[in-house]
Novice: 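Below is a structure I'd like to ask you about.
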Amino acid sequence: MSAVTSFPADARPLLEVRQLSQVYNLNRQKLFAPRPKLKVLDSIDFSVRPGEAVGLVGESGSGKTTLTRMLTGVERPGDGQVLYDGVDVWTGGEAHRKLFRRSVQVVLQNPRSSLDPRMRVGTSLLEPLRSLKIEGDHGTRVLEVLDQVGLDKNALERFPHEFSGGQLQRIAIARALMPGPKVLIADEPVSALDVSIQAQVLNLLKDLVRDLGLSLVFIAHDLSVVAYTTSKVYVMSSGKIVEVGKPLDLFRTPQAEATQALVGAVLSVEAGLAGNALA
Ligand SMILES: Nc1ncnc2c1ncn2[C@@H]1O[C@H](COP(=O)(O)OP(=O)(O)O)[C@@H](O)[C@H]1O
Ligand SMILES: [Mg+2]
């Protein structure tokens, strides 16, 4: 059995959203005109179980990052619920909210903008423990996490500009691991990296899911990247979940128009690569 499917199939969701909707007010087109509204998320149901790796794909602007902001609790939904371990994170009380904030960590697309350029890596890694007021032997924890992401302890004294994009994304993953999360949310974690190092970061995420028993929510606009890392994929389009399925089924028999477009994009990229190889 592969690692990504080794969780109990009947386990209850660890992180879940129910009927989640969000509307943004846009800027007026004309003075005194009503502000146009944009329904960024429309009645979304989404969940991930303990140890499960789930994908979320959709074209740019479909609402993926907005959903990430809801899943990590940085933005409160206009409608619907976000539940961690079965309890609403907005109404479940202070102790539960603290547990949720510690247990769900995020890795963003661009590690150069998510790490403070003036901070040594060691300081950046300790930051989540400080802001979440987590006690313990932080020095030991830092070394443990560096090892998990395949970095040497020399990294601690250095500054972000001294690293390549791939190494920086490892550091961002390490920082997300510091509080000991149960769920890792990766929002386009390899989109800003050179193609040649994307696979290393994808493999690292896969290994972490297997070795630490983490749940992973992997977000991308590229279906093939998601298919490689997850066992179940949600397809998003214009703020709605339009299809859910196993990656291979989505490739073979895409139902929704948005899924067909994503499959088409992958195939045309491959055809292009093959064309280049022949040229
Ligand atoms: N704070 C905001 N105010 C108004 N519109 C926003 C805001 N944030 C995002 N949007 C719009 O919401 C839509 C979804 O954006 P986003 O969640 O970033 O999509 P994705 O991550 O899939 O590319 C886009 O049309 C975007 O322009
Ligand atoms: Mg996005």
Side-chain angles (χ1 to χ4, degrees), residues 15-30 33-48 53-82 90 104-115 165 168-169 172-173 176 183-193 198 201-202 205 216-230 232-245 247 250 254 256-266 269:
L15 183 62
E16 182 179 12
V17 307
R18 288 189 194 153
Q19 287 297 300
L20 200 77
S21 294
Q22 186 75 333
V23 174
Y24 288 139
N25 291 311
L26 302 179
N27 290 331
R28 290 185 175 83
Q29 303 296 313
K30 275 195 261 169
R35 292 181 68 174
K37 291 185 192 310
L38 173 70
K39 196 151 198 180
V40 198
L41 298 177
D42 190 353
S43 313
I44 303 264
D45 289 311
F46 174 93
S47 67
V48 58
V54 160
L56 178 70
V57 276
E59 78 275 4
S60 180
S62 55
K64 304 181 299 294
T65 294
T66 309
L67 182 56
T68 301
R69 295 166 59 79
M70 307 286 167
L71 288 171
T72 50
V74 295
E75 187 173 333
R76 189 168 187 163
D79 257 308
Q81 283 185 296
V82 182
W90 290 99
V104 179
Q105 294 294 319
V106 66
V107 177
L108 299 173
Q109 178 172 353
N110 191 343
R112 287 203 195 275
S113 50
S114 61
L115 291 164
L168 280 183
Q169 199 57 302
I173 293 169
V183 185
L184 198 62
I185 301 188
D187 187 358
E188 309 231 21
V190 299
S191 305
L193 303 180
Q198 288 186 357
V201 174
L202 294 178
L205 287 168
L216 176 69
V217 178
F218 190 103
I219 299 163
H221 57 262
D222 180 339
L223 187 55
S224 59
V225 165
V226 175
Y228 182 68
T229 38
T230 66
K232 174 178 161 184
V233 176
Y234 291 76
V235 181
M236 221 172 148
S237 178
S238 305
K240 289 194 176 76
I241 300 292
V242 292
E243 190 165 356
V244 186
L250 294 181
E257 216 171 289
T259 318
Q260 289 166 5
L262 291 168
V263 171
V266 172
V269 167

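Start at 1 and go down the list; that is how both ligands and their atoms are numbered.
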Novice: For atom 17 (O) of ligand 1, what's the nearest protein heavy atom and its distance?
Specialist: Thr66 OG1, 2.5 Å

Novice: Do the side chains of Ile44 and Tyr234 get nearer than 4.5 Å, heavy atoms only?
Specialist: no

Novice: Tell me which protein heavy atom sits closest to atom 19 (O) of ligand 1, plus the residue, atom name and distance to 0.1 Å.
Specialist: Gly63 N, 3.2 Å

Novice: Which atoms of ligand 1 have any heavy atom of Glu59 under 4.0 Å away?
Specialist: 22 (O)

Novice: Please check if a non-hydrogen protein atom sits closer than 4.0 Å to atom 27 (O) of ligand 1.
Specialist: no

Novice: In this structure, which one of Glu75, Arg76, Lys39 forms a side chain to side chain donor-acceptor pair (under 3.5 Å) with Gln22?
Specialist: Glu75

Novice: Test your reading of the structure: does Lys64 have an N or O sitting under 3.5 Å from an N or O of ligand 1?
Specialist: yes

Novice: Check whether Gln260 reaches the backbone of Pro254 with its side chain - one donor and one acceptor, N or O, closer than 3.5 Å.
Specialist: yes

Novice: Restricting to N/O/S atoms, is Thr65 within less than 2.8 Å of the Mg ion (ligand 2) or not?
Specialist: yes

Novice: Mind checking whether Glu188 has a heavy atom under 4.0 Å from ligand 1?
Specialist: no

Novice: Is there side-chain contact between Thr259 and Val233, with heavy atoms separated by less than 4.5 Å?
Specialist: no

Novice: Of all the non-hydrogen atoms in the protein, which one sits nearest to atom 5 (N) of ligand 1, and at what distance?
Specialist: Tyr24 CD1, 3.4 Å

Novice: Do the side chains of Lys232 and Val244 get nearer than 4.5 Å, heavy atoms only?
Specialist: yes

Novice: Check whether any side-chain heavy atom of Leu20 lies under 4.5 Å from a side-chain heavy atom of Phe46, and answer yes or no.
Specialist: no

Novice: Determine whether any heavy atom of Gly61 lies closer than 4.0 Å to an atom of ligand 1.
Specialist: yes

Novice: So does Leu108 get a backbone contact from the side chain of Gln169, meaning a donor-acceptor N/O pair under 3.5 Å?
Specialist: yes

Novice: Taking atom 13 (C) of ligand 1 as the point of reference, which of Val23, Asn27, Val40 owns the nearest heavy atom?
Specialist: Val40

Novice: State the atoms of ligand 1, each with its element, that fall below the 4.0 Å cut-off from a heavy-atom position in Thr65.
Specialist: 17 (O), 18 (O), 20 (P), 21 (O)

Novice: Taking His221 as the fixed residue, which of Glu59, Glu188, Lys64 is the one that meets the side chain to side chain donor-acceptor pair (under 3.5 Å) rule?
Specialist: Glu188

Novice: Checking a contact table here: which protein heavy atom is nearest atom 25 (O) of ligand 1, and how many Å away?
Specialist: Leu38 CD2, 3.8 Å

